Amino acid sequence: MNQNVKQIIEGFDIKAFQNDLIGWFEKEQRDLPWRKNQDPYKVWVSEIMLQQTRVDTVIPYFNRFIEQFPTLESLAEADEEKVLKAWEGLGYYSRVRNLHAAVKEVKETYGGRVPNTAEEFSKLKGVGPYTTGAVLSIAYGIPEPAVDGNVMRVLSRIFLVWEDIAKAGTRKVFEEIVRQIISYDNPSYFNQGLMELGALICVPGRPSCLLCPVQAHCRAFHEGVQSELPVKTKKGKVKEVQISAAVLENEEGKILIHKRPNEGLLANLWEFPNCETPLTLENPKEQLRNFLRIEYGMEVELAQPFATIQHVFSHLIWNIVVYQGKIVGDIKETERLKLVDKQEIENYAFPVSHQRIWGLTPTTLKC
DNA sequence: CATTCGTGGTC
DNA sequence: TGACCAAGAAT
């Protein structure tokens with residue numbers, strides 16, 4: 001494969017490309033909050049947030065997160081509840097639980113100093129090949145490839161790489177290309193320049209080739225096939241699941257919430273009690289009552305559904321029918337089952353669908 | 001290697 | 001409006 005990569009970059013003017021790319025990035029880079037300094041902790045946080053997430057979405061989360069946890073130590077010492085709440089709505093919640101664990105590891109094992117070698121840094125939880133390259137190059141100026149979706153798109157066009165970027169192994173091809181062409185004088189701006197170019201100019205669909213600072217180096221533009229690249233196979237349809245959920249109130253007016261398991265979908269987030277109720281089921285409301293009795297040992301009275309909410313994930317769709325109801329008698333609270341005052345609910349981190357459930361819940365209960 | 005993991009914006 | 005997408009990692 002090394003042989004293959006050398007063939008790919010044959011005849012490529014590496015030095016001129018570096019100058020054009022870095023010169024463009026120096027002039028045109030966006031003013032983003034994580035570019036105010038090179039604090040490894042803040043660069044790290046930004047890179048985790050930016051995984052599969054748009055810049056405009058991340059900006060307010062990043063500012064609030066850094067305000068709340070200004071240093072690596074402050075994050076390491078924080079309660080997970082607070083950390084998850086700061087991430088609420090950003091998605092992919094294992095990112096922040098891994099970051100939290102990794103930051104604790106850095107505090108304990110490395111004296112709070114973020115490791116500056118790929119060997120050590122990449123061992124931390126939630127740190128993969130991309131994040132390793134991004135943080136080491138941006139924070140420490142180390143020439144390590146940082147190959148994300150942008151970089152694969154940009155380089156597939158520049159070098160006419162027709163391999164499917166949806167396949168796991170393809171990333172290595174681009175990492176090898178970057179190792180051959182990366183600037184050792186300024187690996188930070190080289191890597192960021194590739195990504196910025198992908199975000200602003202070399203976009204999916206119809207790129208702005210007439211504005212491109214490296215147009216002269218681009219083989220796809222030369223051939224007029226920039227819109228055909230990169231090659232990316234599509235996924236099939238996602239499964240739909242029917243869910244019945246309940247906003248349950250006790251005699252004191254407290255609301256019952258449940259903390260999801262510490263692994264899997266929406267791990268450790270809070271939710272209103274719910275269960276799966278397949279469409280083949282005759283009486284989903286009765287099924288929900290049975291679930292609540294068996295799972296939590298409680299009796300409830302349920303009203304008619306007051307809302308239906310769809311929650312679209314990347315690989316799954318929930319169709320949630322929402323009931324309001326009251327709890328008959330007492331229940332025993334546990335670590336993952338709590339009765340909370342209505343004003344306290346805002347202190348707990350919920351998935352967006354359950355935020356919406358609470359937003360639509362009637363204030364008056366009629367059973 | 002394929003699947004699991006969120007969410008909101010865009011065309 | 002539905003498919004696709006956006007600075008990936010863990011399993």
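Keep in mind that what you see is a predicted model, and the values were worked out from it rather than measured. Every heavy atom of this structure was used, including side-chain atoms; hydrogens, water molecules and symmetry mates were not. A, B, ... follow the sequence lines: proteins, then strands. Residue 1 opens every chain.
Under the side chain to side chain contact (heavy atoms under 4.5 Å, CB included) criterion, A/Arg179 pairs with A/Glu144, A/Pro145, A/Glu176, sequence neighbours left out. Here A/Ala166 pairs with A/Asp164, A/Lys232, A/Thr233 under the side chain to side chain contact (heavy atoms under 4.5 Å, CB included) rule; sequence neighbours left out. Legend: residues meeting ring pair (Phe, Tyr, Trp, His ring centres under 6.0 Å) with A/Phe174, ordered by chain and number and at least two apart, are absent. Every salt bridge (Lys or Arg N to Asp or Glu O under 4.0 Å) that A/Glu299 has, sequence neighbours left out, goes to A/Arg289, A/Arg293. Shown here are the side chain to side chain donor-acceptor pair (under 3.5 Å) partners of A/His315, two or more places apart in sequence or in another chain: there are none.
Between A/Arg153 atom CZ and C/dC4 atom P there is a gap of 16 Å when expressed in whole angstrom units. Across the protein-nucleic acid pair, A/Leu32 atom CG and C/dA6 atom C1' stand 14 Å apart, rounded to whole Å. If you measure from atom CG of A/Leu84 to atom C1' of B/dC5, you get 14 Å, rounded to the nearest angstrom. The distance between atom CG of A/Asn262 and atom P of C/dA10, rounded to the nearest whole Å, is 17 Å. In this structure, the CG atom of A/Leu197 is 14 Å from the P atom of C/dA6, given to the nearest Å. Spacing between atom CD of A/Glu263 and atom C1' of B/dC5 amounts to 13 Å, rounded to whole angstrom units. For the pair A/Lys172 NZ and C/dA9 C1', the computed distance is 13 Å after rounding to whole Å. Rounded to an integer number of Å, the gap from A/Glu163 CD to B/dC1 P is 11 Å.
Between A/Arg97 and the phosphate of B/dC5, there is no side-chain N or O to OP1/OP2 separation shorter than 4.0 Å.
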- request: Verify side-chain contact (heavy atoms from CB on, under 4.5 Å) between A/Thr277 and A/Cys275, making sure each step is shown before the conclusion.
  value: CA-CA 6 Å; A/Thr277 49; A/Cys275 67; 3.9 Å; yes

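Using atom P as the reference point in both C/dT11 and B/dG6, the two lie 14 Å apart (nearest Å). C/dA6 and B/dC5 are spaced 23 Å apart, taking the P atom of each and rounding to whole Å.
Here the two rings, on A/Trp318 and A/Phe313, have centers that are under 6.0 Å apart. Remark: aromatic rings of A/Phe12 and A/Phe17 are close, center separation under 6.0 Å. Taking the six-membered ring for Trp and the full ring otherwise, A/Trp34 and A/Phe62 have centroids separated by under 6.0 Å. Less than 6.0 angstrom separates the ring centroid of A/Phe272 from the ring centroid of A/Phe350.
A salt bridge links A/Lys107 with A/Glu77: the closest approach of a Lys/Arg side-chain nitrogen to an acidic carboxylate oxygen falls below 4.0 angstrom.
Residue pairs satisfying the side chain to side chain donor-acceptor pair (under 3.5 Å) criterion with at least one member in residues 128-139 of chain A, sequence neighbours excluded, are listed as follows: A/Glu47-A/Tyr130, A/Gln51-A/Thr131, A/Ser137-A/Asn191. Screening residues 215-224 of chain A for side chain to side chain donor-acceptor pair (under 3.5 Å), with sequence neighbours left out, gives A/Asp20-A/His217.
Closest-nucleotide positions on DNA chain C for A/Asn98 and A/Glu47 were compared, and the one nearer the 5' end corresponds to A/Glu47.
Contacts between residues 233-244 of chain A and DNA chain B, defined by a heavy-atom separation below 4.0 Å, involve no residue at all. Taking a 4.0 Å limit (strictly below) on heavy-atom distances, residues 112-132 of chain A reaches DNA chain C at A/Lys125, A/Gly126, A/Val127, A/Gly128, A/Pro129, A/Tyr130, A/Thr131.
Within the 4.0 angstrom heavy-atom criterion, base atoms lie near A/Arg30. As judged by a 4.0 angstrom heavy-atom cut-off over every strand, A/Trp34 is placed among the base-contacting residues. Among the heavy atoms of the strands, none lies under 4.0 Å from A/Leu99.
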task: Indicate for each nucleotide in nucleotides 6-11 of chain B, in 5' to 3' sequence, whether protein heavy atoms under 4.0 Å reach the base (B), only the sugar-phosphate (S), or nothing (-).
output: BBB---

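With 3.5 Å as the limit, one finds no donor-acceptor pair spanning the side chains of A/Tyr348 and A/Lys259.
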statement: Base-pair string, DNA chain B, Watson-Crick plus G-U, cut-off 3.5 Å on both distances, | for inter-strand, is .||||.||||.

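Grouped by direct or indirect side-chain proximity (heavy atoms under 4.5 Å, Ile/Leu/Val/Met/Phe/Trp/Tyr only), A/Val312 sits with A/Val238, A/Ile317.
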